[in-house]
Amino acid sequence: MEGIPVETRELMKILVLNCGSSSLKYQLFTCDVGKLPESLAKGLVERIGSAGSVSDHHQAVQKAFEDLSSRNIIAGKDEIAAVGHRVVHGGEQFRQSVILNQQVISQLEEISELAPLHNPVNIQGYRAAQGLFPNIPHVAVFDTAFHATLPAHAYTYGLPYRFMEEEKIRRYGFHGISHRYLWQRYVVNTGKSNHKIITCHLGNGCSITAINACESVDTSMGFTPLEGLLMGSRAGDLDAGVVLYLMHQKQFSREQMESVLNHESGLKGVSEISQDMRELLKAEEEGNQKAGLAIDIFCYRIRKYIGAYAAAMDGLNGVVFSGGIGEHAWQIRERICSGLKFTGISFDAERNRNLQSGSEGRISRNESSVSAWVIPTNEELMIAEDTAEIFANHHVRAE
């Protein structure tokens with residue numbers, strides 16, 4: 001943030017918004033030169049559009065502001081220097097964070113079909129916030145941007161090439177904000193920025209990314225967030241012929257098939273119990289075989305991807321676990337890592353079990369040639385960091 005007057009940069013406050021279809025997560029940060037953004041407060045507005053809650057995202061953003069005001073965290077709108085927005089899909093156009101304006105919004109609307117569940121509500125969130133804060137920069141930080149470095153052989157599907165040219169069908173990858181944060185924390189912990197690592201974001205949605213010296217070179221989610229690992233309620237990797245067969249045999253509509261793949265499959269579908277890993281681990285302990293099978297599939301696919309990505313990078317220096325499951329379920333980390341001896345990971349079961357839930361730490365032995373880590377992700381911090389940097393550059397140009 002060089003070149004910004006002291007009175008402008010001191011206590012610069014950044015509001016970060018993460019809009020879902022029926023929710024709004026928000027967090028307020030203070031930013032200063034040469035320092036990581038510091039969180040001041042956060043909150044959540046749920047069940048947007050339902051009885052007993054706010055009617056739309058405009059009211060949700062207003063409620064977020066009122067919450068911050070009522071807690072005396074901010075005194076007025078003029079204390080907010082900029083707003084950062086998580087945008088899930090940036091397509092091929094957006095390879096880095098940008099200031100939102102009507103031209104950018106028009107481009108995002110054009111690619112909304114690539115993320116129909118996410119981009120439209122991200123745009124709604126921007127319009128709501130822009131109405132409340134009309135005279136400050138609004139910045140879009142994209143989930144797909146970190147994966148813009150994927151080589152053509154990793155992002156191209158084995159379909160007729162014209163489909164990529166005409167319909168933009170290719171691997172985009174998601175959770176990029178999280179994977180970028182995990183890489184940065186790995187570098188802080190190890191002091192190594194030239195390493196080959198695999199980051200595992202394991203939550204209700206799951207993805208794995210191969211990172212070679214800060215560049216994403218492959219990732220498990222693809223054209224949509226449906227591809228890849230077994231997830232909470234998403235099927236992950238699946239023979240496309242199964243989809244065609246089920247649509248024919250069951251006479252499923254597109255909407256019904258989409259519901260099966262995204263909302264009825266994964267851990268939930270296999271176990272027929274729950275998509276919550278805590279409930280599945282408990283059920284497995286009580287002898288439920290389907291719960292055990294769901295967990296086995298989950299861990300197996302993660303090990304398989306880690307092996308594949310180690311081969312893709314021709315080497316491996318570290319593995320990172322994050323997300324709700326990766327950060328809290330020591331049992332899952334143990335099952336995964338106990339099958340990765342061939343990679344060079346010397347797993348420390350005691351260190352893994354004793355790591356406080358949600359804490360950052362190493363779970364491999366000190367002498368391990370490939371290290372294993374647990375790093376709680378912080379997507380909001382990355383959004384605040386990008387927003388502060390873009391605000392600084394924007395302000396300098398404006399001066």
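As a basis for the values below, the full set of heavy atoms in this structure was taken, side chains included, without hydrogen atoms, waters or symmetry mates. None of the values given here were measured: they were computed from a predicted structure.
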Query raised in the report: Do Glu66 and Lys77 pass the salt bridge (charged side-chain N to carboxylate O under 4.0 Å, His left out) test, and can you show the C-alpha distance, the side-chain angles, and the key distance before you say yes or no?
Result: CA-CA 10 Å; Glu66 290 172 356; Lys77 296 179 184 179; over 6 Å; no
What distance separates [X] [atom1] from [Y] [atom2], expressed to the nearest 0.5 Å?
X	Y	atom1	atom2	result
Ile136	Gln130	CD1	CD	9.5 Å
Thr377	Leu182	OG1	CG	4.5 Å
Ile177	Glu385	CD1	CD	12.0 Å
Leu229	Ile297	CG	CD1	12.5 Å
Phe347	Ser364	CZ	OG	9.0 Å
Trp183	Ile211	CH2	CD1	7.0 Å

Considering residues, nucleotides and ligands other than [X], do more than 12 of their heavy atoms fall under 6.0 Å from its [atom1]?
X	atom1	value
Glu167	CD	no
Glu165	CD	yes
Tyr245	OH	no
Gln249	CD	yes
Arg47	CZ	no
Glu113	CD	no
Arg95	CZ	no
Asp314	CG	no

Query raised in the report: Can Glu286 and Lys282 be said to form a salt bridge (charged side-chain N to carboxylate O under 4.0 Å, His left out), step by step?
Result: CA-CA 6 Å; Glu286 296 169 351; Lys282 184 175 184 294; 2.7 Å; yes
I'd like to know if the side chain of [X] and the backbone of [Y] have a donor-acceptor N/O pair within less than 3.5 Å.
X	Y	value
Arg254	Met257	no
Ser369	Gly344	yes
Ser70	Asp67	yes
Ser259	Gln256	no
Ser53	Ser50	no
Asn122	Val88	yes
Arg171	Ala154	yes
Asn317	Lys196	yes
Arg86	Val141	no
Asp237	Gly228	yes

Query - Verdict with supporting geometry, Arg362 and Asn352, side chain to side chain donor-acceptor pair (under 3.5 Å) - result: CA-CA 8 Å; Arg362 181 169 176 154; Asn352 175 59; over 6 Å; no
Report summary line: Exactly one of Val45, Val87, Leu24 clears side-chain contact (heavy atoms from CB on, under 4.5 Å) with Cys19, and that residue is Leu24
Hydrophobic cluster membership, with links at side-chain heavy-atom distances under 4.5 Å among I/L/V/M/F/W/Y: are [X] and [Y] in one?
X	Y	value
Val370	Ile197	no
Tyr157	Leu114	yes
Ile332	Leu267	yes
Leu17	Leu68	yes
Ile325	Leu293	yes

Requested in this report: Test side chain to side chain donor-acceptor pair (under 3.5 Å) on Thr219 and Thr209 and set out the steps.
Outcome: CA-CA 4 Å; Thr219 191; Thr209 295; 2.8 Å; yes
**Report entry** side-chain contact (heavy atoms from CB on, under 4.5 Å) evaluation trace for Leu132 with Gln62
**Finding:** CA-CA 7 Å; Leu132 190 62; Gln62 179 66 42; 3.1 Å; yes
Query - Test item: side-chain donor near acceptor, Ser112 and Asn119, under 3.5 Å - result: no
Query raised in the report: Asn18 and Glu379: side-chain donor and acceptor closer than 3.5 Å?
Result: no
Query - side-chain contact (heavy atoms from CB on, under 4.5 Å) assessment of Arg234 paired with Met221 - result: CA-CA 11 Å; Arg234 285 175 246 175; Met221 284 181 169; 3.7 Å; yes
Check for me whether the distance between the ring centres of [X] and [Y] falls short of 6.0 Å.
X	Y	answer
His138	Tyr126	yes
Tyr172	His147	no
Phe174	His89	yes

Report task. Evaluate side chain to side chain donor-acceptor pair (under 3.5 Å) for Glu334 paired with Ser338, printing each intermediate quantity in order. Result -> CA-CA 6 Å; Glu334 185 172 284; Ser338 62; over 6 Å; no
Report task. Report yes if some heavy atom in the side chain of Leu226 is under 4.5 Å from a heavy atom in the side chain of Asn262; otherwise report no. Result -> yes
Query raised in the report: Stepwise, does the side-chain contact (heavy atoms from CB on, under 4.5 Å) test hold for Asn378 with Arg185?
Result: CA-CA 10 Å; Asn378 195 333; Arg185 288 303 305 167; over 6 Å; no
Query raised in the report: With the threshold set at 4.0 Å, does a side-chain nitrogen-carboxylate oxygen contact exist between Arg301 and Asp296?
Result: no
Query - Carboxylate-amine/guanidinium contact Glu284 Arg335, below 4.0 Å - result: yes
**Report entry** Test log, rule side chain to side chain donor-acceptor pair (under 3.5 Å), inputs Thr149 and Glu215
**Finding:** CA-CA 6 Å; Thr149 53; Glu215 290 194 348; 4.9 Å; no
Query raised in the report: Given Asp348 and Arg353, is the salt bridge (charged side-chain N to carboxylate O under 4.0 Å, His left out) satisfied, shown in steps?
Result: CA-CA 9 Å; Asp348 191 324; Arg353 291 189 182 205; over 6 Å; no
Requested in this report: Could you go through the salt bridge (charged side-chain N to carboxylate O under 4.0 Å, His left out) check for Glu380 and Lys42 one step at a time?
Outcome: CA-CA 10 Å; Glu380 288 77 16; Lys42 59 184 176 181; over 6 Å; no
Query raised in the report: Which atom pair, heavy atoms only, marks the closest approach of Met313 to Val217?
Result: CG-CG2, 3.9 Å
Query - side chain to side chain donor-acceptor pair (under 3.5 Å) partner of His201, chosen from Ser178, Ser207, Ser220, Ser322 - result: Ser178
